[in-house]
Amino acid sequence: MTTHDVEIAIIGAGFSGLGAAIKLTQEGVEDYVLLDRGHDFGGTWRDNVYPGAACDVPSHLYSYSFALNPEWSRSYSHQPEIHQYINSVANEHSIGEKALFGSEVTHAEWNEDLRHWRIDYTRDGKSESLTARTLIGGVGPLCEPNLPDIEGIESFGGTVVHSARWDEDYDFAGKRVAVIGTGASAIQIVPQLGKVVGHMDVYQRTAPWIIPRNERPYFSVENWAFKNVPGLQSAIRGGIYSFNELVAAGMTWAPKALKPVELISRANILRGIRDPQLREAVTPKFAVGCKRILKSNEWYPTLDQDNVELVTDGIARVTKTGIVTNDGTARDVDVIVVATGFHVTDSPVFDTIFGAEGKSLAEVWSVGGMQAYKGSFVHGFPNLMLLIGPSTGLGHTSMVYMIESQLNYLVDYVRKTRARGIVRVDVTQEAQDAFNKGIQDALTSSVWVNGGCASWYKDEHGNITVLWPGFTFSFRQQTRSFDIAAYDVTTADETAAAGETASPVTVNA
Ligand code: NAP
């Protein structure tokens, strides 16, 4: 095993990890590495290659503000183009030379005596290790596929494919297919499969609200204008952003104001489905916005196809040959597609990161759920910054905006800790508690709490620890500078005075 030391280690080379690398480079930090288990940049946009994979945030907003792309080919981008965009930004900033691809982090642990993180990872089958003063977790909440815990699924004799681990070699043409799930991934997969499969059963547990997707290709004159008309792209971006913030206000404080969205969604059902019984079956029974509002023009017409059956009876078990529902009906299939989401509040990554008291994030969060300060720092985990950490998720606009807010916070953390010779920061329990109380208070009037749905925004205790309530510009404002007063800090001088192996001398600055 080889070990080396860096100032900063970043885990994850998706939008957040890459963004951190670029900002650190621009700040003059050269001594950092980027670890990723995959083989290029892109994170979730590298891994989700299922048919139809695309973004439901308009292209102009779903990009870094510092790397606008006038060449988007469509108003909503598809996975290959976003993946290519991320890699081209990485190339432009020469981040590839900092990346250790094929590196799977297995364990990270804070060493209180040496004031650094020790990070163990495997690369090309070999165990490696490094130490870093600061660890940045950019693994993303949608990286660990959630395989449904359905009786007998392991005994299925055909193929089981998760949406985020697509088998590109599997030929679906003419096959009998079951799709479990009706979330954002399923509604993109099902219309594509519907064009080629022999027969498809779509297992719906909860019908989602789905509005039309006004996607279209850009004309070359538009791309010319995005490139050559000063401020045009930023203005379009600003318009999309502002509209989405209105939706955020409705979701957080005035769910009834989202009624027009419900009417648009109902019209989408009427337009897409002829059969009244099927229309009824796909009509959601919870307030719009409680779960992610989905966008599709093809979902309802696909369910209306002769070769597609919507199954609303609960799944009882999987057999060697197919799926049996609670009413006793058995439907045999060749392949089961599980579009059942991700481990968000219970990610296995949380079992691998250990703080100052030797406890993992999973252990610390097992009591009150995921909590951090400003979605970034967790009490007891010094010098660890999470990107897209607790309470930073969104259901209505671009996550890249939240990531860039956190990158501002990161840059100022680096500036202030370097300027003041600070070697250890740990957010105080009081600051963290007060911040999370503010989040929970803001959620009380929200559609996510009152909308009558179960969603992946809630953890096993029923707490919403994933979402940012309210306006995203408020988060931008709160992360503008690293508010050191919320942290216990230790300087290099204090460390030296106390002796290298003594307990840290901390001051609340
Ligand atoms: P998801 O939203 O968590 O949906 C999972 C689906 O599987 C739900 O319909 C769920 O039903 C169903 N399900 C889960 N376990 C089941 C079980 N044991 N039996 C039957 N049904 C089960 O996952 P996702 O569709 O992968 O999307 C996750 C997130 O990824 C999205 O919310 C979004 O943030 C992101 N995403 C974004 C885009 C985009 O366009 N930008 C595209 C894809 C994904 P219930 O509803 O009843 O729980």
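Counting starts at 1 for both ligands and their atoms, in listed order.
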Less than 6.0 angstrom from the centroid, inside 45 degrees of the normal: does Arg480 satisfy that with respect to the ring of Tyr409?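 Verdict for Tyr409: no cation-pi partner in Arg480.
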Here's one to test your reading of the geometry: is the NZ or CZ of Arg74 within 45 degrees of the ring axis of Tyr218 and under 6.0 Å from its centre?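 Geometry flag: not set, cation outside 6.0 Å or 45°.
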Under 3.5 Å between any N/O of Tyr50 and any N/O of ligand 1: does that happen in this structure?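 No, there is no polar N/O contact under 3.5 Å.
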Under 3.5 Å between some N or O of ligand 1 and some N or O of Thr206?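 Yes - when backbone and side-chain N and O of Thr206 are compared with those of ligand 1, one distance drops under 3.5 Å.
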Test of understanding: given a 4.0 Å heavy-atom threshold, classify the contact between [X] and ligand 1 as side chain, backbone, both, or neither.
X      : value
Ala54  : backbone
Gln204 : neither
Phe342 : side chain

Residue and atom name of the nearest protein heavy atom (relative to [atom]), distance in Å to one decimal:
atom                    : answer
atom 41 (N) of ligand 1 : Asp56 OD1, 3.1 Å
atom 6 (C) of ligand 1  : Ala339 O, 3.3 Å
atom 36 (N) of ligand 1 : Ala184 CB, 3.8 Å
atom 3 (O) of ligand 1  : Trp456 CD1, 3.3 Å
atom 10 (C) of ligand 1 : Arg205 NH2, 4.1 Å
atom 30 (O) of ligand 1 : Leu142 CD1, 3.3 Å
atom 18 (N) of ligand 1 : Pro148 CB, 3.6 Å
atom 12 (C) of ligand 1 : Gly181 CA, 3.7 Å

Ligand-side contact atoms (ligand 1) for residue partner Gln188, heavy atom cut-off under 4.0 Å: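 Within the 4.0 Å cut-off of Gln188, ligand 1 contributes 40 (O), 42 (C).
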Taking only heavy atoms of Gly341, which atoms of ligand 1 are found under 4.0 Å from at least one of them?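 In order of number, 3 (O), 5 (C), 23 (O), 26 (O).
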Partner of Asp334 under side-chain hydrogen bond (donor to acceptor under 3.5 Å, both in side chains), chosen from His199, Lys175, Arg176: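 So the option named by the test is Arg176.
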Measure from the side-chain N and O atoms of His162 to the backbone N and O of Ala164, and report whether any donor-acceptor pair falls under 3.5 Å.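 Yes, because the side chain of His162 sits within donor-acceptor range (under 3.5 Å) of the backbone of Ala164.
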Is it the case that more than 12 heavy atoms not belonging to Gln277 sit under 6.0 Å from its CD atom?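 Counting other residues, nucleotides and ligands, CD of Gln277 stays at 12 neighbours or fewer.
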Is the count of non-hydrogen atoms from other residues, nucleotides or ligands lying under 6.0 Å from Tyr170 atom OH greater than 12?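 Counting other residues, nucleotides and ligands, OH of Tyr170 exceeds 12 neighbours.
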Decide whether the shortest distance between a heavy atom of Lys291 and an atom of ligand 1 is less than 4.0 Å.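 Lys291 counts as a contact of ligand 1 under the 4.0 Å cut-off.
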